[in-house]
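A quick write-up on the structure given underneath.
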Amino acid sequence: MYDIVKQIHSGWAILAFFLLILVVVNSTIGLLTKKEFTPWDRRVGIMGLIGTHTQLLIGLILYFVSPLGFSSLGNMSDKALRMTSLEHPLINIIAITLITIGWSKHKKITESNKKFKTFLIFYGLGLILILSRVPWGLWQSSL
Ligand code: HEM
């Protein structure tokens with residue numbers, strides 16, 4: 001169970017990153033070229049939302065089956081365990097909350113430029129937060 005969930009979380013991370021980068025690049029282009037917000041732009045946004053929410057669900061399961069998750073919460077002096085049991089989950093939950101707020105906010109906005117700006121700010125901040133707390137060494141060794 002642990003190995004399977006870990007593999008899925010590790011692989012899905014690539015898809016989640018790809019989708020988040022797509023939203024950020026697409027919103028930047030939309031903002032700079034002052035183009036109209038189309039159903040394609042909405043689709044890109046919802047794919048980024050679904051991609052990260054799926055990763056959140058897999059991460060939550062992993063948190064309780066991994067020896068590096070909840071069961072290691074007491075080992076705060078160990079940098080690597082503090083990362084996987086506290087910093088990574090906490091910061092990622094905050095990041096995904098920001099992405100969700102960005103998605104909800106864009107729905108209430110009618111102006112195209114403001115929609116792109118909202119996506120860029122909230123998805124962009126989410127992406128930066130997620131990137132700041134990836135256990136890179138662990139990931140590299142499992143790919
Ligand atoms: C978009 C959000 C997230 C991304 C991109 C992400 C990505 C990753 C990556 C790349 C790894 C290393 C995987 C490996 O070593 O095979 C990892 C490990 C881990 N993640 Fe996440 N994660 C996210 C959210 C979460 C959340 C929300 C939780 C928990 C609530 C979580 C719990 C864990 C745990 C416990 C590990 C260590 C697993 C182990 O090696 O035993 N992740 N994550």
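If you read the sequence from its start, that first residue is 1, and numbering goes on from there. Note that ligands are numbered from 1 as they come in the structure, with each ligand's atoms numbered from 1 the same way.
- Counting only heavy atoms of the protein, atom 33 (C) of ligand 1 lies nearest to His88 CD2, 3.5 Å.
- Taking all heavy atoms of Tyr63, Trp139, Trp136 into account, the minimum distance to atom 10 (C) of ligand 1 is reached by Trp139.
- Considering backbone and side-chain N/O of Tyr2, one or more are found under 3.5 Å from N/O of ligand 1.
- Remark: ligand 1 and Ser66 share an N or O pair separated by less than 3.5 Å (distance only, no angle test).
- Counting heavy atoms closer than 4.0 Å to ligand 1, residue Gln7 contributes nothing at all.
- With hydrogens and angles disregarded, no donor-acceptor distance shorter than 3.5 Å links the side chain of His88 to the backbone of Val134.
- Scanning the protein for heavy atoms near atom 36 (C) of ligand 1, the closest one is Leu62 CD2, 3.7 Å.
- Protein heavy atom at the shortest distance from atom 16 (O) of ligand 1 is Ser142 OG, 2.7 Å.
- With Gln55 contributing its side chain and His9 its backbone, the two residues share a donor-acceptor pair below 3.5 Å.
- Judged by the shortest distance from any of its heavy atoms, Trp12 lies outside the 4.0 Å radius around the atoms of ligand 1.
- Those atoms of ligand 1 that come under 4.0 Å of a heavy atom in Leu56, given as number and element, are 27 (C).
- Side-chain rings of Phe37 and His106 approach one another, their centers coming within less than 6.0 Å.
- Nearest protein heavy-atom contact of atom 4 (C) of ligand 1 is Gln55 NE2, 3.4 Å.
- At a cut-off of 3.5 Å, with distance as the only test, a side-chain donor of His53 or Thr100 sits close to an acceptor on the other residue.
- In this structure, Tyr63 contributes its side chain and Pro89 its backbone to no donor-acceptor pair below 3.5 Å.
- Of all the heavy atoms of Asn92, the ones lying under 4.0 Å from any atom of ligand 1 belong exclusively to the side chain.
- The protein non-hydrogen atom at the shortest distance from atom 30 (C) of ligand 1 is Leu60 CD2, 3.6 Å.
- Thr84 O, 3.8 Å is the protein heavy atom nearest to atom 35 (C) of ligand 1.
- Heavy-atom proximity to atom 12 (C) of ligand 1, evaluated over Ala95, Ala80, Pro135, Gly11, is greatest for Pro135.
- In this structure a side-chain-to-backbone donor-acceptor pair under 3.5 Å is missing from Ser27 to Phe119.
- Rounding to the nearest 0.5 Å gives a distance of 10.5 Å between CG of Leu129 and CD1 of Ile96.
- At distances below 3.5 Å, not a single donor-acceptor pair connects side-chain atoms of Tyr123 with backbone N or O atoms of Gly102.
- The backbone N or O of Ser10 sits less than 3.5 Å from a side-chain atom of Trp139, completing a donor-acceptor pair.
- Of the possible polar contacts, one joining the Lys115 side chain to the Ile109 backbone as a donor-acceptor pair under 3.5 Å is found.
- Some N or O of His9 is nearer than 3.5 Å to an N or O of ligand 1, by distance alone.
- Scanning all protein heavy atoms for the shortest distance to atom 29 (C) of ligand 1 gives Gly59 O, 3.2 Å.
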**Prompt:** What's the verdict on side chain to side chain contact (heavy atoms under 4.5 Å, CB included) for Leu32 and Phe116, showing C-alpha distance, side-chain angles and the deciding distance?
**Reply:** CA-CA 10 Å; Leu32 293 178; Phe116 284 126; over 6 Å; no

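- With ligand atoms numbered from 1 in the order given, ligand 1 contributes 1 (C), 5 (C) to contacts under 4.0 Å with heavy atoms of Ile130.
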